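First the structure, in the form of structure tokens, and then the observations on it.
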Amino acid sequence: MDETEFWELIDSTREAADGDPEEQSELLVDRLLRLDPEAVLDFARHFEARYNRAYRWDLWGAAWVLLDGASDDAFDFFRCWLIGQGREVFEGALHDPDSLAELLDEFDEEIDGDGEELGYAADEAYEQLTGTVAPDLGIRPAPAEPEGTPLDFESETLLAERYPRLWYRFRE
């Protein structure tokens, strides 16, 4: 599976789920079950590599603004959700986290921002296909700490200055 196929699976399942991350995860498992186990592992590698790329302080700050706070787990689930939003939103957020203010059409705190199940879709599909747990993906693990400079998430002034568009749209 190449990068284009990866993003096509993400996009088609998001559209079919009408943006609901839990439903997208279910649809993604169904679609992955149509593939051979090695293709499922390729999907998992693409997903995990992007998940690790998003482990950044500046992105965590954007998640904090969107979610009105983001614990370690919440940020993990946010990164899965962000991948589930597709290539344009994901890459745009990596380039400029504050651009999420324009990249996101809507943001419903009840369902958006938490893509935990998306993070398990490939593992679930692989296990259903093979009856075994997915092997190590052979990719570099995420760093112990997020990339970049840590932010004081408790400072609303700092967050408003660092993410003016997100702050204006989602917090004011």
Side-chain angles (χ1 to χ4, degrees), residues 1-60 62-64 66-95 97 100 103-147:
M1 173 176 297
D2 65 19
E3 186 174 10
T4 300
E5 292 168 312
F6 169 81
W7 286 117
E8 285 173 354
L9 273 171
I10 293 291
D11 289 341
S12 65
T13 55
R14 183 188 67 257
E15 290 165 10
D18 200 26
D20 182 313
E22 285 187 29
E23 175 138 352
Q24 181 181 7
S25 175
E26 292 171 15
L27 293 169
L28 189 53
V29 171
D30 290 344
R31 292 283 304 277
L32 291 171
L33 287 171
R34 299 178 196 166
L35 305 174
D36 63 77
E38 192 54 44
V40 174
L41 291 177
D42 286 344
F43 178 90
R45 286 181 192 100
H46 283 288
F47 193 97
E48 193 72 18
R50 279 146 191 83
Y51 178 80
N52 291 346
R53 274 182 59 207
Y55 193 47
R56 300 175 10 182
W57 285 111
D58 60 348
L59 202 53
W60 199 337
W64 192 278
L66 278 167
L67 301 172
D68 196 18
S71 66
D72 293 356
D73 287 343
F75 183 53
D76 290 346
F77 306 154
F78 176 84
R79 290 184 288 151
C80 292
W81 173 84
L82 187 63
I83 295 165
Q85 298 310 293
R87 185 179 206 164
E88 180 183 344
V89 173
F90 178 79
E91 294 293 341
L94 288 183
H95 178 71
L100 283 168
L103 292 169
L104 298 174
D105 293 331
E106 299 174 10
F107 189 85
D108 180 347
E109 286 184 39
E110 296 297 315
I111 61 169
D112 290 323
D114 181 351
E116 178 181 9
E117 299 302 318
L118 288 169
Y120 302 123
D123 290 337
E124 186 177 327
Y126 187 86
E127 194 166 329
Q128 286 185 41
L129 285 170
T130 66
T132 62
V133 174
D136 181 74
L137 298 174
I139 63 172
R140 209 173 56 168
E145 290 290 318
E147 283 187 36

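Only a predicted model underlies this, so the values are computations on that prediction, with no experimental measurement involved. Reckoned from all heavy atoms, side chains included, excluding hydrogens, waters and symmetry mates.
The minimum heavy-atom distance between Ala17 and Gln24, with the atom names listed, is CB-N, 3.4 Å. When all heavy atoms of Asp36 and Leu129 are compared, the closest pair comes out as C-CD1, 4.4 Å. When all heavy atoms of Leu67 and Ala74 are compared, the closest pair comes out as CD1-O, 4.5 Å. When every heavy atom of Phe75 is checked against every heavy atom of Ala63, the shortest pair comes out as CD1-CB, 4.0 Å. Ala54 and Phe90 get closest at one heavy-atom pair: CB-CE1, 4.0 Å. Closest of all the heavy-atom pairs between Asp2 and His46 is C-NE2, 3.6 Å.
Within a 6.0 Å sphere centred on CD of Glu3, other residues, nucleotides and ligands contribute more than 12 heavy atoms. The 12-atom threshold is exceeded at CD of Glu38, counting heavy atoms of other residues, nucleotides or ligands nearer than 6.0 Å. Under a cut-off of 6.0 angstrom, the local environment of CD in Glu91 is crowded, with over 12 non-hydrogen atoms contributed by other residues, nucleotides or ligands. In Asp18, the CG atom is not crowded: 12 or fewer heavy atoms of neighbouring residues, nucleotides or ligands sit closer than 6.0 Å.
Ring geometry for Phe47 against Tyr51 counts as parallel: the plane angle stays under 30°, on a 0 to 90° scale with 60° as the upper cut.
Atom CD1 of residue Ile10 and atom CD of residue Glu15 lie 11.5 Å apart, to the nearest 0.5 angstrom. The distance from atom CZ of Arg14 to atom OG of Ser25, rounded to the nearest 0.5 Å, is 14.5 Å. Taken from CG in Leu33 to CG in Leu28, the straight-line distance is 9.5 Å, to the nearest 0.5 Å. Within the model, atoms CD of Glu88 and CH2 of Trp7 stand 11.0 Å from one another, a figure rounded to the nearest 0.5 Å. Rounded to the nearest 0.5 Å, atoms CG (Leu41) and CE (Met1) are 10.5 Å apart. Atom-to-atom distance recorded for Thr4:OG1 and Leu9:CG is 11.5 Å, nearest 0.5 angstrom.
Arg56 places a side-chain N or O within 3.5 Å of a backbone atom of Leu94 that can act as its donor or acceptor partner. In terms of modelled atom types and a separation under 3.5 Å, the side chain of Asp58 and the main chain of Pro97 share no donor-acceptor contact.
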Intermediate values then yes/no, side chain to side chain contact (heavy atoms under 4.5 Å, CB included), Leu32 and Val29: CA-CA 5 Å; Leu32 291 171; Val29 171; 5.6 Å; no

Side chain to side chain contact (heavy atoms under 4.5 Å, CB included) evaluation trace for Leu82 with Leu59: CA-CA 10 Å; Leu82 187 63; Leu59 202 53; 3.7 Å; yes

Derivation and outcome, side chain to side chain contact (heavy atoms under 4.5 Å, CB included), residues Val40 and Thr130: CA-CA 11 Å; Val40 174; Thr130 66; over 6 Å; no

Distance-only criterion, 3.5 Å: show the donor-acceptor pairs between side-chain atoms of residues 117-128 and protein atoms not counting sequence neighbours.
unit_1	atom_1	unit_2	atom_2	d
Glu124	OE2	Gln128	NE2	3.3

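Remark: Arg50 is positioned above the aromatic ring of Phe6, its terminal NZ or CZ atom under 6.0 angstrom from the ring centre and at most 45 degrees off the axis.
Using a 3.5 Å distance cut-off with no hydrogens or angles, the side chains of Arg31 and Thr13 do not pair a donor with an acceptor.
Between Asn52 and Glu48 the shortest side-chain heavy-atom distance falls below 4.5 Å. Phe78 places a side-chain heavy atom less than 4.5 Å from the side chain of Leu66.
Residues that satisfy the side-chain contact (heavy atoms from CB on, under 4.5 Å) test with Asp68, not counting sequence neighbours, are Arg171.
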